[in-house]
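Not measured: the values here are computed from a predicted model. All heavy atoms count here, side chains included; hydrogens, waters and symmetry mates do not.
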Amino acid sequence: FTEIQMDILSDEIDSVLNKIKPKIVIHAAAQTSVQKSFLRLENDLLTNSLGTAILVRKILGINCSNFVYFNSGFIFIIPSIIQQHIVILL
């Protein structure tokens, strides 16, 4: 088990994923402050929505077929082409 804590939008994610080659990625990164979300909506969307989409593409690129996504605020519709690779826990 290796725990990595970093900004989901960081360019370093590629090198970390390529080095570790994980079999499972558990994604729990999120902007959790409601107040910050209202004050900086763009940042919230980047972190929670775009960051998740980028991470999914990156893990598929290293043939990691086990992705666990924790989310307590929203349900994201995932394109059917990648549904077989993702487990969503709400």
Drop me the distance from [X]'s [atom1] to [Y]'s [atom2], to the nearest 0.5 angstrom.
X   : Y   : atom1 : atom2 : value
E42 : L39 : CD    : CG    : 11.0 Å
L9  : L55 : CG    : CG    : 10.0 Å
I54 : L46 : CD1   : CG    : 8.0 Å

Pair listing, side-chain hydrogen bond (donor to acceptor under 3.5 Å, both in side chains) test, anchored in residues 3-15, at least two apart: E3-Q5, D14-K58
For a 4.5 angstrom cut-off between non-hydrogen side-chain atoms, does [X] reach [Y]?
X   : Y   : result
H27 : V56 : no
F67 : I24 : no
M6  : I13 : yes

Can you list the residues that meet the side chain to side chain contact (heavy atoms under 4.5 Å, CB included) rule with I62, with sequence neighbours excluded? L17, N18, P22, C64
Go through the steps to decide whether N66 and V25 satisfy the test side chain to side chain contact (heavy atoms under 4.5 Å, CB included), and finish with yes or no. CA-CA 6 Å; N66 299 289; V25 172; over 6 Å; no
